[in-house]
Q: 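Structure incoming, see below.
All values below were derived from every heavy atom in this structure, side-chain atoms included, with hydrogens, water molecules and symmetry-related copies excluded. Numbered from 1 within each chain, the chains take letters A, B, ... in sequence-line order.
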Amino acid sequence: MEYIKDKIEKIVSEYVKREFGKEYPVRFLNPPKISMGDLTLSSAFEIGKRERKNPKEIAEKLKALLNEIDEIEKIDIAGPGYINLFLNKEKYFNNIKNVIDYKKSGKKTGKTIVEHTNINPNKAAHIGHMRNAVLGDTLVRMLKFTGEEVEVQNYIDDTGVQVADVVYGALYIDNKSIDDLRKIEKIDYYLWDLYVRVYENDSEESKNRRREVHHKIEKGKSPEREYAEFISLAVLKRHLETVERLGIYYDVLPRESDIIALKFWDSAFELMKKSGVIYFQDEGENRGCWVMKVFEDGEEREKVIVKSNGAITYVGKDISYHLWKFGLLKKDFYYKKFDKRHYITTSKSEEAEEGISFGSGKRVFNVIDQRQSYLQNIVKKAISKMGYEEAAENLTHFSYEVVALSKKSAEEMGFKVEEGKSFVEVSGRKGVGVKADDLIDELERRALSEVRKRHPEFSSEKSESIARMISSSALRYYMLKYTLNSLIVFDFDEALKFEGETGPYLQYSNVRMKSLFRKFEEETGIKVEDEIKPPYFFESFESDKLESLWEAIVIASRFDSELDASIKNLEPSRLAKFAFLLCQKLNYIYNNFPVIKEKDREKRKITLFTLHFLYKQLNKTLDILGIEKPEAM
RNA sequence: GCGCCCGUAGCUCAACAGGAUAGAGCAUUGGAUUUCUAAUCCAAAUGUUGGGGGUUCGAGUCCCUCCGGGCGCGCCA
């Protein structure tokens, strides 16, 4: 489809240039119904509006020009000026290889850094974190598919108050030694409860002691620091195990403690002072602080970057970290292996593995929920004001709404829901939330029971492996099907579904196709790839039947533009919906068009071809969505 | 107080940058397997797109206003 669109674009652009001496973007629409056309060109409206011409007249002119394109069979002008194009089916079918393999010449951006997940290493991951990880991972897959170089970072805030609070709990509430902690199997679960207990009986005294613990952790060498290091790494390991269940990995795990130890801030501070972005305030309420001016709605405000006690604020650390991401800081971390798949930062040069380096991206995406918009914006402004306008321009906050718990689900778990509220906010401090591992366990359990029911002959190993793929896809699709600014009100009934618009439905459709092709080859002795080679003859097909196959082909041909739009609008849900649509078409054809039993070889060939084309497009889409494809279900 | 986001079918959500008759899933009712996996498919029913006004060839989408909801605005991270 992109192949034909490019041809059309060229002709329209040339026309606009010749006639008006200008350049307008050429845009296409999908007709609401395939009977109206295979593709709609909306240029008549755009040109008409800008040149104050009647859209219909422009449409007529374009129609005459576009008639020359070989692949276009008919052009209709509809309504106020839609240019509806009908493709020549025969030519399209026979040329489908070009359609699939055609690649628009895109320009490479340079290295893109995507930061996502970023779970505080002080308790178990919950479903909200999974939304972040799945969105981030899918963004990575989308970019990689288009050939971009992508580096994936998962930032570990191992010196924050959250970690300090559980260190305090382990030390002073539970009196655990590090060895005791080491013996706990799921330390993230233990800390989930401990974290709640820390806040349950909070007092002025405990508050002070927590602050003291936090201080000691930031300062360096102390027992508290050792606890913090042990806990954050142990929990990190658990988090990585959790996201691995969804097929999610990272290139590097930058640690805040290393940012502090390597004094990233000092370099950033120098740069900020030099560019005049921050200055010392010697009066008013921010007396003794280094502050940055922020303009908000015409008003000038001060944002504290260095506190009066010399400590750096969160924004300050974030600014220095982002300067590093763009390679603008004259400093770098050292890196060592954390496990088989991940590198982690270290501040000790003697631990460093040689020849390994990260950061210095051309473009950065931060996958962080919508509540952080204000701070993300300040970081962006700071970088821009320091004179790095290009970097600021290439810094994108990939923002999304959070996950809350439905009233029903919350009550099932024994949480109180405020009167009149239909959902409850997830809160680590209160322990309100669904642990990711618990949810995945439950999904796996249900999937396994379904697989066993359907395939009692499978070995338990095989069944379990399939169940794992199903549970992973169920969760991934659940997190992806909502648009970014839709608040997900998590509901067990909805999330545990395997029917309808779900990940398992997509997998099932894929499995059906695979097994159909396999059976076809077994029974006929002909390879599918050989069978579907051109030429095609449509005469034998009833026209309405052919039309529904054609519709499926047109829809499947939109893969490239759908991926493109998903990336441009930063909206992975769009691609998820597209996968679902493909599967609906696949299943419809599957149910209504016989293949192996079809006596008419031409009909069989065209049906098989259509299914195969959809299957190929679906496979690419599933890969990008991170949905695995089981052999059987 | 200021700023951002949201309000669409009984429920959960779509609607591509302002485009054509606002669509899916779930739930409900009825149907499909001598035929390629029924985690499937088909059919029926469901709407004053929160209310009102404006902009234009055209508004769920943009502007104003009102109502209802969410979030953010720290010398917390």
Side-chain angles (χ1 to χ4, degrees), chain A residues 25 27-33 36 40 42 45 48-49 54-56 78-82 84 120 157 159-164 214 256 285-291 296-297 299 301 303-309 311 313-315 317-318 369-375 399 401-402 404 406 421-423 425 447 450-451 454-455 470 481-483 485-489 491 493-494 497-502 504-505 507-509 511-513 515-520 523 561-562 565-566 568-569 571 573-574 577 580-581 583-584 586-598 632-633:
Chain A
R27 286 183 50 216
F28 295 92
L29 300 168
N30 298 326
K33 282 211 171 116
M36 295 168 152
T40 299
S42 66
F45 295 124
K49 190 157 219 166
N54 187 342
K56 274 202 156 170
Y82 295 103
N84 289 331
N120 280 323
D157 184 1
T159 60
V161 284
Q162 295 89 342
V163 174
H214 184 209
E256 181 158 290
E285 56 182 0
N286 292 330
R287 187 192 168 120
C289 300
W290 286 86
V291 300
E296 272 160 26
D297 351 300
E299 267 187 61
R301 292 190 49 201
K303 182 82 197 158
V304 174
I305 305 294
V306 183
K307 305 180 211 171
S308 55
N309 66 3
T313 60
Y314 173 67
V315 200
K317 284 180 214 161
D318 221 22
D369 76 58
Q370 154 269 113
R371 292 172 300 189
Q372 298 262 25
S373 300
Y374 175 71
L375 289 169
S399 168
E401 256 289 359
V402 296
S406 73
K421 299 270 178 187
S422 60
F423 61 85
E425 182 195 3
E450 288 294 319
V451 175
R454 285 153 216 259
H455 300 283
I470 293 171
K481 74 175 185 181
Y482 297 91
T483 52
N485 51 17
S486 165
L487 173 82
I488 297 184
V489 179
D491 190 80
D493 296 338
E494 197 66 33
K497 227 167 246 168
F498 292 160
E499 285 155 26
E501 197 194 342
T502 65
Y505 171 81
Q507 290 176 311
Y508 180 74
S509 314
V511 163
R512 273 183 137 181
M513 290 308 129
S515 104
L516 170 63
F517 298 147
R518 195 191 57 239
K519 265 210 175 124
F520 176 87
E523 296 202 5
S561 60
E562 289 297 321
S566 301
K568 250 186 211 138
N569 306 330
E571 191 56 89
S573 66
R574 182 162 177 170
K577 297 271 177 202
F580 178 61
L581 179 61
C583 289
Q584 283 182 310
L586 270 176
N587 281 309
Y588 172 78
I589 296 169
Y590 185 88
N591 272 292
N592 294 288
F593 291 77
V595 177
I596 298 173
K597 302 281 187 268
E598 177 61 68
M633 274 176 82

Q: How far does the C1' atom of rC71(B) sit from the matching atom of rC75(B), given to the nearest Å?
A: 24 Å
Q: To the nearest angstrom, how far is E523(A) atom CD from rC36(B) atom P?
A: 10 Å
Q: Rounded to the nearest angstrom, tell me the gap between atom CD in E499(A) and atom C1' in rU40(B).
A: 9 Å
Q: How is F498(A) classified with respect to the nucleic acid when contacts are heavy atoms under 4.0 Å: base, sugar-phosphate, or nothing?
A: base
Q: For RNA chain B, write out the stems as range with range, using runs of 3 or more consecutive Watson-Crick or G-U pairs with both distances under 3.5 Å.
A: B:1-7 with B:67-73, B:10-13 with B:23-26, B:28-32 with B:40-44, B:50-54 with B:62-66
Q: Would you indicate what S373(A) reaches in the nucleic acid, counting non-hydrogen atoms under 4.0 angstrom: base, sugar-phosphate, or nothing?
A: nothing
Q: Go through the structure and list residues passing salt bridge (Lys or Arg N to Asp or Glu O under 4.0 Å) with E598(A), not counting sequence neighbours.
A: none
Q: What pairs with F423(A) under ring pair (Phe, Tyr, Trp, His ring centres under 6.0 Å), at least two apart in sequence or on another chain?
A: none
Q: Can you find a side chain N or O atom of S486(A) that sits less than 4.0 Å from OP1 or OP2 on rA14(B)?
A: yes
Q: For P25(A) and for Y588(A), find the nucleotide of RNA chain B with the closest heavy atom, then tell me which residue's nucleotide is more 5'.
A: P25(A)
Q: From CD of Q370(A) over to P of rC4(B), roughly how many Å is that when rounded to an integer?
A: 13 Å
Q: Checking all strands, does I470(A) fall into the base, sugar-phosphate, or nothing category for heavy-atom contacts under 4.0 angstrom?
A: base
Q: Regarding Q370(A) and S399(A), is there a side-chain donor-to-acceptor distance under 3.5 Å anywhere?
A: no
Q: Could you check how far NZ of K577(A) sits from P of rA24(B), rounded to whole Å?
A: 12 Å
Q: Report each atom pair, protein N/O against N/O of nucleotides 18-22 of chain B, whose distance is under 3.5 angstrom.
A:
| unit_1 | atom_1 | unit_2 | atom_2 | d |
| --- | --- | --- | --- | --- |
| rG19(B) | O2' | Y82(A) | OH | 2.1 |
| rG19(B) | N3 | Y82(A) | OH | 3.4 |
| rA20(B) | N6 | T40(A) | OG1 | 2.8 |
| rA20(B) | N6 | N84(A) | OD1 | 3.1 |
| rA20(B) | N1 | N84(A) | ND2 | 3.1 |

Q: Please confirm whether the shortest side-chain N or O distance from Y374(A) to OP1 or OP2 of rC4(B) is below 4.0 Å.
A: no
Q: Who are the ring pair (Phe, Tyr, Trp, His ring centres under 6.0 Å) partners of F580(A), not counting sequence neighbours?
A: Y505(A)
Q: Please tell me if the side chains of T40(A) and F28(A) come closer than 4.5 Å, counting only heavy atoms from C-beta onward.
A: no
Q: Nearest to the side chain of R574(A), which nucleotide is it out of rG70(B), rC16(B), rA24(B)?
A: rC16(B)
Q: Dump the pairs, protein N or O against N or O of nucleotides 28-31 of chain B, anything under 3.5 Å, distances to one decimal.
A:
none

Q: Go through the structure and list residues passing ring pair (Phe, Tyr, Trp, His ring centres under 6.0 Å) with F593(A), not counting sequence neighbours.
A: none
Q: Rounded to the nearest Å, what distance is computed from the NZ atom of residue K481(A) to the P atom of nucleotide rA14(B)?
A: 10 Å
Q: Are any of the side-chain nitrogens in E285(A) or R301(A) under 4.0 Å away from the carboxylate oxygens of its partner?
A: no
Q: When you measure only distances, ignoring hydrogens and angles, does the side chain of R454(A) come within 3.5 Å of the base of rA39(B) through a donor and an acceptor?
A: yes
Q: Please classify the nucleic acid contact of L487(A) as base, sugar-phosphate, or nothing, using heavy-atom distances under 4.0 Å.
A: sugar-phosphate
Q: Taking the C1' atom of each, how far is rU40(B) from rG3(B), in whole Å?
A: 49 Å
Q: For F517(A), answer base if it contacts any base atom (sugar-phosphate contacts may also be present), sugar-phosphate if it contacts only those atoms, and nothing otherwise; contact means non-hydrogen atoms under 4.0 Å.
A: nothing
Q: With a 4.5 Å heavy-atom cut-off, do K303(A) and L375(A) have their side chains touching?
A: yes
Q: Report which part of the nucleic acid R371(A) touches: base, sugar-phosphate, or nothing (heavy-atom distance under 4.0 Å, all strands).
A: sugar-phosphate
Q: Roughly, in whole Å, what's the span from CG in L516(A) to P in rU35(B)?
A: 16 Å
Q: Write out a two-atom table: protein N or O, nucleotide N or O from nucleotides 75-77 of chain B, distance below 3.5 Å.
A:
| unit_1 | atom_1 | unit_2 | atom_2 | d |
| --- | --- | --- | --- | --- |
| rC75(B) | O2 | S308(A) | N | 3.2 |
| rC75(B) | O2 | S308(A) | OG | 2.9 |
| rC75(B) | N3 | S308(A) | OG | 2.9 |
| rC75(B) | N4 | E285(A) | O | 2.9 |
| rC75(B) | N4 | R287(A) | O | 3.3 |
| rC76(B) | OP2 | K307(A) | NZ | 2.5 |
| rA77(B) | OP1 | K307(A) | NZ | 2.7 |
| rA77(B) | O3' | E256(A) | OE2 | 3.4 |
| rA77(B) | O2' | D157(A) | OD2 | 2.6 |

Q: Taking the side chain as everything from C-beta on, heavy atoms only, tell me whether T313(A) gets closer than 4.5 Å to V306(A).
A: no
Q: State which residues pass side-chain contact (heavy atoms from CB on, under 4.5 Å) with R27(A); sequence neighbours excluded, sorted by chain then number.
A: L29(A), S42(A), E46(A)
Q: Just verifying a value: how many Å separate M633(A) CE and Q507(A) CD, rounded to the nearest 0.5 Å?
A: 5.0 Å
Q: C1' atom, rG51(B) versus rU56(B): distance in rounded Å?
A: 23 Å
Q: Using a cut-off of less than 4.0 Å, is there contact between a side-chain N or O of K519(A) and OP1 or OP2 of rU37(B)?
A: yes
Q: Is any side-chain N or O of Q584(A) closer than 4.0 Å to OP1 or OP2 of rG25(B)?
A: yes
Q: From the set rG70(B), rC41(B), rA39(B), return the single nucleotide nearest to any side-chain atom of N587(A).
A: rC41(B)
Q: Separation of E571(A) atom CD from rA17(B) atom P, in whole Å?
A: 10 Å
Q: Which nucleotide wins on minimum distance to the side chain of N569(A), given the candidates rC41(B), rA17(B), rC36(B)?
A: rA17(B)
Q: Using modelled atom types only, decide if a donor and an acceptor are shared between the side chain of H214(A) and the backbone of T159(A) within a distance under 3.5 Å.
A: yes
Q: Any salt bridge between E562(A) and K577(A), counting N to O under 4.0 Å?
A: no
Q: Checking K421(A) now: which residues fulfil side-chain contact (heavy atoms from CB on, under 4.5 Å) with it, not counting sequence neighbours?
A: V417(A), E418(A)
Q: Does V163(A) reach a base, just sugar-phosphate, or nothing at all? Heavy atoms under 4.0 Å.
A: nothing
Q: Work out how far the C1' atom of rC5(B) is from that of rC41(B), and round it to whole angstrom.
A: 39 Å
Q: Would you measure the distance from the P atom in rC63(B) across to the matching atom in rA24(B) and give it in whole Å?
A: 29 Å
Q: Once you round it to whole Å, what is the distance between P of rU12(B) and CG of D493(A)?
A: 13 Å
Q: Under the rule for ring pair (Phe, Tyr, Trp, His ring centres under 6.0 Å), what residues qualify as partners of Y508(A), not counting sequence neighbours?
A: none
Q: Run the side-chain contact (heavy atoms from CB on, under 4.5 Å) test against T483(A) and tell me which residues pass, sequence neighbours left out.
A: N485(A), S486(A), E571(A), S573(A)
Q: Under 4.0 Å, counting only non-hydrogen atoms across every strand here, what does K497(A) touch: a base, just sugar-phosphate, or nothing?
A: sugar-phosphate
Q: Pair Q584(A), L581(A) - check side-chain contact (heavy atoms from CB on, under 4.5 Å), show working.
A: CA-CA 5 Å; Q584(A) 283 182 310; L581(A) 179 61; 3.9 Å; yes
